[in-house]
Each structure stands twice: as structure tokens, then as C-alpha cells.
K.L.:
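There's a structure below that I have some questions on.
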Amino acid sequence: MRILVTGSADGLGRAAAETLLRAGHEVVVHARNADRLSALDGLIRAGARAVVGDLAHPEEVRDVAEQANRLGRMDAVIHNAGVLGSRAVLPVNVVAPYLLTALMQRPDRLVYLSSGMHYSGHARLAGLDWSGGRATGSYSDSKLLVTTLMAAVAARWPDTLSNAVDPGWVPTRMGGRGAPDDLRLGHLTQEWLATSDDADALTSGGYWHHQRRREPHPSVHDEHFQRDLLDELARFTGVGLT
């Protein structure tokens, strides 16, 4: 399978890319810029291909989508890239996966990285600055929104498996060295959803933690909230989800 993993220079994305490559998949890695790309030299030497672009900037996200499309249709995309505490939290965590979903050739499977913190997110869209020019949304808000995006895609694209994963609080650069969860389990579920033929992995619209489906925040499956989110993102980016 050909699989794109965004944000694969380190952390969960790097671990997923390494595991998928060892399993014999055709892996496309992603780095924010040329400096970050150098961190992926080992994977590239092992056969991975690469796309480069800063997901905080929609014009660069568009270019990443074009680079990926030139490599051929992906079988799966793992939307792993994310930021924790900056004004880029909405552009990177929500706008970028939306744009890539809308602009890339439609894959068979989509996996969006969520978080248990999405439960404390606010189900509101008014006043959000999608450009990141102002800090108007929290990390928890962004994870609620991207989980809702997952559900909206699942509802609208029945031929594509769309799921979200809570990897847990794992010891990555974002999670910190003291994070208590298992790093391997942190990236296992997204790999499983991207590649497995297990019956559970062939379902769509799920919120998963360690290969178990959980009930997300009630707003995730609110059809009106899904529609309003897609409308807002289409308005901001000029690209609709068709």
C-alpha cells in the first residue's frame, strides 16, 4: 500500500512511518521544511519518498497536496501532524487536514489524529481565526474539530474509510518524557486502521484508542455541526469537500 504520513520527522509520525516501511509498504513521509527533511534521510535511503511543506500556511498545504498527487493516489493518509500551544493550532491541526483531504486524490482510508483532550473542546465556530493570525482556539478545540471533520468525511464519502485515533499521552517531543502511555501502542492503531483487513479496521466513522472504539464528544456526530464546520473551512480555504 502507498501511505502518506504527515508530520513524520519525529514522534508518532516517525514511528508509524518506520513501522509501515519495515512492513513493506510504500511510505511517503512529510517534513515541514528542508531542514526537517534531513531528519528523514534514513527513511528515504530505505525507500520512502518525501513531500515538503509547512502545514501552517494554506498555500504550502496546497503544494504538499500537489506533490503527493504527483506520486500517485495514496491508499491511505495518516493525518498525524499537529502542534500543541501556538497560534498555528487551528491551521495545522484542522485546516491542513481539511485541505489535504479536499485536494488529494481520494484514498481508500483516512486516519486523523485526535486526542482525549477533544472531550474538553468547545463545539463553537464563531470567532475562530482559521489563519492563525490570532489565538482563538485551543488544542482541545482543534482536536474536537478534526474529530468532527473525520465524522463528516465518513458520512459524505461512504467508499472511503475515515477514522480518528486518540494515541494516548505518549513520550514524544509533544507529550514530554514523563508521559505515562506506551509509545508503541500510541502509533499501532493508526497503522492498523491504515492497512489492516481486520473486520473492525474496515469500519468507518470511529474514534479509536488502542484498537478499541470509543464514544467521542457528542458534537462529533452532530450533522448540523459537521455541516457548519465544512462550510466554515470551505469559506476560509475557497475549496469545498465534494
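Every value quoted in this text rests on a predicted model; they were computed, and no experiment measured them.
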K.L.:
Does Trp208 have Arg214 sitting over its ring (NZ/CZ under 6.0 Å from centre, angle to axis within 45°)?
P.N.:
no
K.L.:
Applying a strict under-4.5 Å side-chain criterion to I, L, V, M, F, W and Y, I'd like to know whether Met150 and Ile78 cluster together.
P.N.:
no
K.L.:
Please verify the inter-ring angle class for His79 with Tyr112; under 30° counts as parallel, over 60° as perpendicular, anything in between as tilted.
P.N.:
parallel
K.L.:
Just one of Val94, Asp228, Leu145 clears the side chain to side chain contact (heavy atoms under 4.5 Å, CB included) bar with Leu233, so which one?
P.N.:
Val94
K.L.:
Can you confirm whether Thr160 sits close enough to Asp108 that some side-chain heavy atom of one is under 4.5 Å from a side-chain heavy atom of the other?
P.N.:
no
K.L.:
Is the side chain of Asp198 donor-acceptor paired with the backbone N or O of Asp200 at a distance under 3.5 Å, no angle test?
P.N.:
no
K.L.:
What is the minimum heavy-atom distance between Asn163 and Gly205, and which atoms define it?
P.N.:
OD1-N, 3.5 Å
K.L.:
Give the C-alpha distance, both sets of side-chain angles, the deciding distance and a yes or no for side-chain contact (heavy atoms from CB on, under 4.5 Å) between Asn80 and His187.
P.N.:
CA-CA 10 Å; Asn80 166 83; His187 58 94; over 6 Å; no
K.L.:
Taking NZ, NE, NH1 and NH2 as the nitrogens, is one of them in Glu66 or Arg62 under 4.0 Å from a carboxylate oxygen of the other?
P.N.:
no
K.L.:
Looking only at heavy atoms, what is the nearest atom pair of Ala164 and Thr147, with distance?
P.N.:
CB-CG2, 4.1 Å
K.L.:
Does Ile3 form a side-chain contact (heavy atoms from CB on, under 4.5 Å) with Val28? I'd like the steps, not just the answer.
P.N.:
CA-CA 6 Å; Ile3 304 163; Val28 180; over 6 Å; no
K.L.:
Can any side-chain N or O of Arg2 pair as donor or acceptor with the backbone N or O of Arg73 at less than 3.5 Å?
P.N.:
yes
K.L.:
Would Met74 and Gln105 satisfy side-chain contact (heavy atoms from CB on, under 4.5 Å), going step by step from the backbone distance to the final call?
P.N.:
CA-CA 7 Å; Met74 302 296 153; Gln105 298 177 62; over 6 Å; no
K.L.:
Looking at Gln67 and Val52, would you say the former's side chain and the latter's main chain have a donor-acceptor pair under 3.5 Å?
P.N.:
yes
K.L.:
Between atom NZ of Lys143 and atom OH of Tyr119, what is the distance when rounded to the nearest 0.5 Å?
P.N.:
14.0 Å
K.L.:
Is the shortest side-chain heavy-atom distance between Leu100 and Val64 below 4.5 Å?
P.N.:
yes
K.L.:
If we ignore angles and hydrogens, is there a donor and acceptor under 3.5 Å between the side chains of Ser219 and Asp222?
P.N.:
no
K.L.:
Regarding Ser142 and Asn93, is there a side-chain donor-to-acceptor distance under 3.5 Å anywhere?
P.N.:
yes
K.L.:
Atom CG of Asp63 and atom CG of Leu103: how far apart are they, to the nearest 0.5 Å?
P.N.:
11.0 Å
K.L.:
Is there a path of hydrophobic side-chain contacts, each under 4.5 Å between heavy atoms of I, L, V, M, F, W or Y residues, that connects Val165 with Leu188?
P.N.:
no
K.L.:
Within this structure, what is the NE2-OG distance for the pair His30 and Ser8, rounded to the nearest 0.5 Å?
P.N.:
7.5 Å
K.L.:
Between the main-chain N or O of Leu193 and the side-chain N or O of Arg109, is there a donor-acceptor pair closer than 3.5 Å?
P.N.:
yes
K.L.:
To the closest 0.5 Å, what do you measure between CZ (Arg106) and OG1 (Thr101)?
P.N.:
10.5 Å
K.L.:
Which atoms form the tightest heavy-atom contact between Ile44 and Ala50, and what is the distance?
P.N.:
CD1-CB, 4.0 Å
K.L.:
Does a donor on one side chain and an acceptor on the other come within less than 3.5 Å for Ser140 and Ser120?
P.N.:
yes
K.L.:
Is Arg156 close to Leu230 at the side-chain level, that is, under 4.5 Å between some pair of heavy atoms?
P.N.:
yes
K.L.:
For Glu59, is the CD atom crowded, meaning more than 12 foreign heavy atoms sit under 6.0 Å from it?
P.N.:
yes
K.L.:
Any sub-3.5 Å donor-acceptor pair from Arg36's side-chain atoms to Arg32's backbone N or O?
P.N.:
no
K.L.:
If you measure from CG on Leu12 to CD on Gln190, what distance do you get to the nearest 0.5 Å?
P.N.:
6.0 Å
K.L.:
Check whether any side-chain heavy atom of His221 lies under 4.5 Å from a side-chain heavy atom of Thr148, and answer yes or no.
P.N.:
no
K.L.:
Can you give me the closest heavy-atom contact between Pro107 and Val77, atom names plus distance?
P.N.:
CG-CG2, 4.1 Å
K.L.:
Can you tell me how far NE2 of His210 sits from CG of Asp166, rounded to the nearest 0.5 angstrom?
P.N.:
7.5 Å
K.L.:
Given 3.5 Å as the limit, does a donor-acceptor pair link the side chain of Arg22 with the main chain of Ala17, or not?
P.N.:
no
K.L.:
For Asp141 and Gly121, indicate whether the former's side chain and the latter's backbone hold a donor-acceptor pair under 3.5 Å.
P.N.:
no
K.L.:
Treat each ILVMFWY residue as a node, draw an edge where side-chain heavy atoms are under 4.5 Å apart, and state whether Val61 and Leu37 are in one component.
P.N.:
no
K.L.:
Hey, does Thr189 have a side-chain heavy atom less than 4.5 Å from the side chain of Arg212?
P.N.:
no
K.L.:
Regarding His224 and Arg227, do their side chains bring together a donor and an acceptor under 3.5 Å, going by distance alone?
P.N.:
yes
K.L.:
List the steps and the verdict of side-chain contact (heavy atoms from CB on, under 4.5 Å) for Tyr98 and Val153.
P.N.:
CA-CA 10 Å; Tyr98 169 81; Val153 173; over 6 Å; no
K.L.:
Hey, do the aromatic rings of His118 and Tyr207 have their centres closer than 6.0 Å?
P.N.:
yes
K.L.:
Are Asp129 and Leu90 side-chain neighbours, meaning at least one heavy-atom pair lies under 4.5 Å?
P.N.:
no
K.L.:
Assigning hydrophobic clusters by single linkage (Ile, Leu, Val, Met, Phe, Trp, Tyr; side-chain heavy-atom cutoff under 4.5 Å), is Val83 placed with Leu55?
P.N.:
yes
K.L.:
Considering non-hydrogen atoms only, spot the tightest contact between Trp130 and Glu232 and give its length.
P.N.:
NE1-OE1, 3.3 Å
K.L.:
If I compare all heavy atoms of Ala194 with all of Ala76, which pair ends up nearest, and what's the gap?
P.N.:
O-CB, 3.7 Å
K.L.:
Can you tell me if Trp157 uses its side chain to pair, donor with acceptor, with the backbone of Ser162 under 3.5 Å?
P.N.:
no
K.L.:
Do Leu113 and Tyr139 share a hydrophobic cluster (ILVMFWY, side-chain heavy atoms under 4.5 Å, transitive)?
P.N.:
no
K.L.:
Less than 4.5 Å apart, any side-chain heavy atom of Phe236 and any of Pro58?
P.N.:
yes
